[in-house]
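So the structure is just underneath, and the comments pick up after that.
Everything numeric in this text was worked out from a predicted model, so none of it was measured. Numbers for residues simply follow the sequence, beginning at 1.
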Amino acid sequence: MNTVYRIVVGVDGSDAGQRAPDWAAEECPHRNGVVQAVIAWHPEHLLDNVVISAENADPQRFAHEIVAEAVATARTAHPGLLITGVVERGRLATVLVGRAQDAQLLVLGSHGHSRLFHAALGSTADAVVRGAPCPVVMVPAVREAEHLSANLDRTAGIPTGIL
């Protein structure tokens, strides 16, 4: 059986959240694999610091824009990268675990948009780690001091952990 090494990565549109697809894109060529960038949306769960405007009033369309930007950013930084984007309605943890059923690796960023979102991501990460059928990589957010550095490579450093 010839299985393609598949990395599923959660995206959320935040600067910190972009570190996860960046890390997956760096890792993918070492595995001769493909990356699937995944975002979940649900009309009842908008991020608390996102200002509702005409551009993002439709959460499904907004999710499509976020995943398209993450895919485009990864392709620009890594020409030849095999990456696709997936938008699925549902709870983030459920969607990620479902998408990872035939994946070899699941990658998440450790922080998102705000303190409230961090608390939610903590519970999402916990649910993903408990339910994931494959190893999970948690990519740390940039610390404020590092964020100010003009020479910072967003993929530098090691993941928080492989669980």
Side-chain angles (χ1 to χ4, degrees), residues 1-41 47 50 62-88 90 92-114 117-118 120-163:
M1 186 163 120
N2 207 2
T3 303
V4 172
Y5 194 94
R6 193 165 69 87
I7 300 173
V8 171
V9 59
V11 298
D12 69 1
S14 70
D15 288 340
Q18 186 60 41
R19 288 178 56 87
D22 287 347
W23 189 91
E26 287 286 330
E27 184 67 19
C28 189
H30 302 293
R31 311 271 185 178
N32 293 320
V34 299
V35 175
Q36 185 178 58
V38 177
I39 189 168
W41 70 276
L47 303 175
V50 174
F62 190 51
H64 277 281
E65 291 169 4
I66 290 170
V67 81
E69 184 176 337
V71 168
T73 299
R75 282 187 181 142
T76 299
H78 304 277
L81 175 68
L82 298 174
I83 182 169
T84 59
V86 173
V87 175
E88 189 171 319
L92 183 57
T94 304
V95 169
L96 289 172
V97 168
R99 288 286 171 174
Q101 289 304 312
D102 59 350
Q104 285 66 44
L105 194 61
L106 177 56
V107 181
L108 296 174
S110 63
H111 295 285
H113 287 86
S114 68
F117 189 73
H118 291 185
L121 182 60
S123 62
T124 296
D126 183 56
V128 167
V129 168
R130 291 176 188 276
C134 61
V136 177
V137 174
M138 294 297 296
V139 180
V142 178
R143 291 189 200 124
E144 192 61 32
E146 292 173 341
H147 185 67
L148 297 176
S149 170
N151 297 321
L152 178 66
D153 175 5
R154 292 189 311 187
T155 61
I158 56 175
T160 300
I162 299 176
L163 309 168

Please report the shortest heavy-atom distance between Ala37 and Ile83, naming the atom on each side. CB-CD1, 4.4 Å
Calculate, to the nearest 0.5 Å, the distance between atoms CD and CG belonging to Gln18 and Asp12 respectively. 9.0 Å
Hey, what do you get for CZ (Arg99) to CD1 (Ile39), rounding to the nearest 0.5 Å? 13.0 Å
Partners passing side-chain contact (heavy atoms from CB on, under 4.5 Å) against Ala100 (at least two apart in sequence or in another chain): Ala103, Leu106, Pro133, Cys134
Residues pairing under salt bridge (Lys or Arg N to Asp or Glu O under 4.0 Å) where one sits in residues 67-80, two or more places apart or in two chains, turn out to be none
State, with a plain yes or no, whether a side-chain heavy atom of Leu81 is found less than 4.5 Å away from one of Cys28. yes
Which atom of His78 lies closest to which atom of Asp22, heavy atoms considered: NE2-O, 4.3 Å
May I have the step-by-step check of side chain to side chain contact (heavy atoms under 4.5 Å, CB included) for Val38 and Val95, ending in yes or no? CA-CA 8 Å; Val38 177; Val95 169; 3.7 Å; yes
Partners of Arg6 by side-chain hydrogen bond (donor to acceptor under 3.5 Å, both in side chains), sequence neighbours excluded? Gln36, Asp102
Correct closest heavy-atom pair for Val139 and Val107 would be CG2-CG1, 3.7 Å
Nearest heavy atoms of Gln104 and Val4, plus distance in Å: OE1-O, 3.2 Å
Nearest heavy-atom approach of Pro21 to Val11 is CG-CG1, 3.7 Å
Let me confirm one number: the CD1-CG distance from Ile7 to Leu82, rounded to the nearest 0.5 Å. 11.0 Å
Distance-minimising heavy-atom pair for Ala40 and Leu92: CB-CA, 3.7 Å
Pairs flagged by salt bridge (Lys or Arg N to Asp or Glu O under 4.0 Å) wherever residues 29-40 is involved - sequence neighbours left out: Glu27-Arg31
